[in-house]
Amino acid sequence: MTSTLTPQPVERPKPERPGAVARRRTRVLALPEARWAAAATVLFLLALPLQLTGAPAWTWGPLYALSYVTGGWEPGWEGLKALKDRTLDVDLLMVVAALGAAAIGQVMDGALLIVIFATSGALEALATARTADSVRGLLDLAPATATRLSPDGGEQAVAVEDLTVGDLVLVRPGERVGADGRVLDGASEVDQATITGEPLPVPKERGDEVFAGTLNGTGVLRVRVEHDASDSVIARIVRMVQEASETKAPTQLFIEKVEQRYSLGMVAATLAVFLVPLAFGAQLTDALLRAMTFMIVASPCAVVLATMPPLLSAIANAGRHGVLVKSAVVMERLGQVDAVALDKTGTLTEGSPRVTDVRPLPGSGLDEGELLTLAAATERPSEHPLARAVVDAARERGLDLPDARDFTSAPGVGVTAVVGGRAVAVGAPARLLDARDGTATEPDAAVGTAVKPEEFGRTAAELEESGRTAVLVVVDGTPAGLLGIADRLRPDAAATVASLARLTGSAPVLLTGDNPRAAAHLATEAGIDDVRAGLLPQDKLDAVRELESAGRKVLVVGDGVNDAPALAAAHTGIAMGRAGSDLALETADAVVVRDELAAVPATVALSRRARGLVVQNLVIAGVFIAGLVVWDLAGDLPLPLGVAGHEGSTVLVGLNGLRLLREGAWQRAAAGESS
């Protein structure tokens, strides 16, 4: 085990969040859609209280008119362009319906419809822009320059774009690797969580592969470049996210799937209601009034509002419980999933290593507290994640840590120090001991004389077989004990897996870049049988596409940069918010802000409940529309009564959808009731 500090005392830096990328966020008001929607909303909110308080029409009428213009001109223009291509856009229909409402005195209703659609378009534009921001920001993971070594041993700082295959680069302690390549000389440990999601740094020595953008530890590496910057793993992740986002099937709300037929039918029917009576000698005013009444009672306003309130209520309820669902489309799609793929580190697990076992060896004369005290005192000057885990474990037990002298670290081997007059070495067993002859390999003189591994070999094997990382503690040249360190399973992981299996009808799949042994052990604890380990981002993406090619609608839950392509390609993606990378948070369709894994199945169940209410509301709206239309065509439906019936159905379905705002709706969803 190595330290990520040099032996000299230095100020402890703030740990960098794995997978973090530089923020280059598009401002909301930088988007024209957002500016127009904001203007329409402000104008509407200014006009509404004036109208409700009985102010003269000249005070609120112009405000409503401006609201129509600012919020409706863009969807209206896009709808007119769609007409040129012989398609009827539902946005244009909404604008026409809003204008029709205004024409018969329902000015406020039309303005509200305009504001709803303008705001929806602005949110969609913002989500698209933020995803593009995060994809561009991912490129900041790779350093801008690298140190290229010339054949005569000289060093030259060059842009990473200028590196070519075969170049030799020097990677100093604490630097990010500039290009994908292979180690020619040196030993260190590299944090490659951004690529593989592994929670612990990976030892690297001659012959091992390294990736651009990963963080080097304390060792010095000489790396031969094997891929151009445009073909690095980071660059491929960017391309995969972009391609997956572009090729993902267009998402539509249920009602939008029939918008063309409904819109064309409504327009044709309105014209027929107007023209047919005229052909038979009806008065122009009467025919126009009947046609306008028909357009109002048959307009899709009620149908749209029948769809949106349940979904928006579900979004609001989920938001109160720490789940950010980015749109109504996403809320609808969550209820359709029938397969789940889970990441391991930071999703099923807490994402940080913890000491799980303290095993003093027989004959060492140490108990658990003494062994942990010596190990923690030795590790305290180190910034290695395993070292922090050991120190944290000692502090949790309330142990007093003595000062350590003569601290040293050997890259790829371990750390040594003198604690209370005793020479202590802490590191990986395979590195501290020479596997060839069973004697100690000396990273420092403090390790001492030769020792035999038989006394602790069985314990180390037992820890590693159970998915732990075994850490050997050598005191005065003799193995004194072993520590088991692992990334701990979230307390609610097993229950979450069971809930997702019950909701979807199939057990979740585990997709991880971690090693197969650790992944298999954790999957067993969580109740997962299908484990796919050692995956790079492309492999995770391929696994998701394999499931979807079998006709499954896949929900991917992850948190890292390496999960982003799979999140983008999946039917729906959810990111864990607390430790999630910026790219994952922006690419995902929903974010678990409070990092509570149990919120995932609860949100899926809530979505299914919302979809059920949408169907109910569409039936209610359809019955009202059909009844009013028949009345208007077969009889003489008064315009005020038609408006009242239309608005009444809208209120009814709206109130029905608002049922999902209640706390009981979330509690039932969390209990696994999806309908």
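Being a predicted model, the structure only gives us computed values, none of them experimental.
Counting heavy atoms from C-beta on, the side chains of Arg545 and Val554 never come closer than 4.5 Å. Side chains of Thr373 and Leu401 form a contact here, defined as non-hydrogen atoms less than 4.5 Å apart. Side chains of Val600 and Leu555 form a contact here, defined as non-hydrogen atoms less than 4.5 Å apart. For the pair Phe407 and Val415, the minimum side-chain heavy-atom distance is below 4.5 Å. By the 4.5 Å heavy-atom criterion applied to side chains, Pro151 and Leu168 are not counted as neighbours. Looking only at side-chain heavy atoms (C-beta outward), Asp589 and Arg333 stay at 4.5 Å or farther from each other. Looking only at side-chain heavy atoms (C-beta outward), Val165 and Asp228 come within less than 4.5 Å of each other. Between Val169 and Val158, every side-chain heavy-atom pair lies at or beyond the 4.5 Å cut-off.
The number of heavy atoms from other shown groups lying within 6.0 Å of CZ (Arg182) is above 12.
Separating the CG atom in Asp406 from the OG1 atom in Thr408 is a distance of 8.0 Å, to the nearest 0.5 Å. To the nearest 0.5 Å, atoms CG (Leu567) and CG (Asp343) are separated by 8.5 Å. In this structure, Thr214 OG1 and Asp191 CG are separated by 8.0 Å, a value rounded to the nearest 0.5 Å. If you take CG on Leu149 and CG on Asp185, they are separated by 10.5 Å, rounding to the nearest 0.5 Å. Note that CG of Leu482 and CG of Leu371 are 8.5 Å apart. Values are rounded to the nearest 0.5 Å. Here CZ of Arg488 is found 11.0 Å from OG1 of Thr349. Values are rounded to the nearest 0.5 Å.
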- Leu597 vs Thr347, side-chain contact (heavy atoms from CB on, under 4.5 Å): CA-CA, chis, key distance, verdict: CA-CA 7 Å; Leu597 189 60; Thr347 301; 4.3 Å; yes
- Item | Criterion side-chain contact (heavy atoms from CB on, under 4.5 Å) on Leu511 and Val544, from CA distance to verdict | CA-CA 9 Å; Leu511 306 179; Val544 171; 4.3 Å; yes
- Task: Let me see the working for Val531 and Leu522 under side-chain contact (heavy atoms from CB on, under 4.5 Å), right down to the final yes or no.
- Result: CA-CA 10 Å; Val531 181; Leu522 183 134; over 6 Å; no
- Decide side-chain contact (heavy atoms from CB on, under 4.5 Å) for Lys553 and Thr572; before the verdict, give the C-alpha distance in whole Å, the side-chain angles of both, and the deciding distance to 0.1 Å. CA-CA 8 Å; Lys553 294 182 178 179; Thr572 314; over 6 Å; no
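The pair Lys540-Asp563 meets the salt-bridge criterion, since a charged nitrogen lies less than 4.0 angstrom from a carboxylate oxygen.
Of all heavy-atom pairs between Leu342 and Pro508, the closest is CD1-CB, 3.9 Å. Between Arg552 and Ala339 the shortest heavy-atom distance is NH2-CB, 3.7 Å. Heavy atoms only, all atoms of each residue included: Val426 and Glu379 are closest at CG1-OE2, 3.3 Å. Scanning both residues, Leu510 and Ala519, for their nearest heavy atoms gives CD2-O, 3.8 Å. Between Ala179 and Leu163, the shortest heavy-atom distance links the atoms CB-CD1, 4.0 Å. Across every non-hydrogen atom of Val355 and Ala389, the tightest pair is CG2-O, 3.6 Å.
Asp542 pairs by the salt bridge (Lys or Arg N to Asp or Glu O under 4.0 Å) definition with nothing, not counting sequence neighbours. Shown here are the side chain to side chain contact (heavy atoms under 4.5 Å, CB included) partners of Glu546, two or more places apart in sequence or in another chain: Arg532. In this structure Asp167 satisfies the side-chain hydrogen bond (donor to acceptor under 3.5 Å, both in side chains) test together with Arg148, Thr164, sequence neighbours excluded.
Between the side chain of Arg224 and the backbone N or O of Gly166 there is at least one donor-acceptor pair closer than 3.5 Å. With Lys344 contributing its side chain and Gly513 its backbone, the two residues share no donor-acceptor pair below 3.5 Å. In terms of modelled atom types and a separation under 3.5 Å, the side chain of Arg388 and the main chain of Pro353 share no donor-acceptor contact.
With Val210 as reference, Val177 is the one residue of Val177, Asn216, Val202, Asp180 to meet the side chain to side chain contact (heavy atoms under 4.5 Å, CB included) rule.
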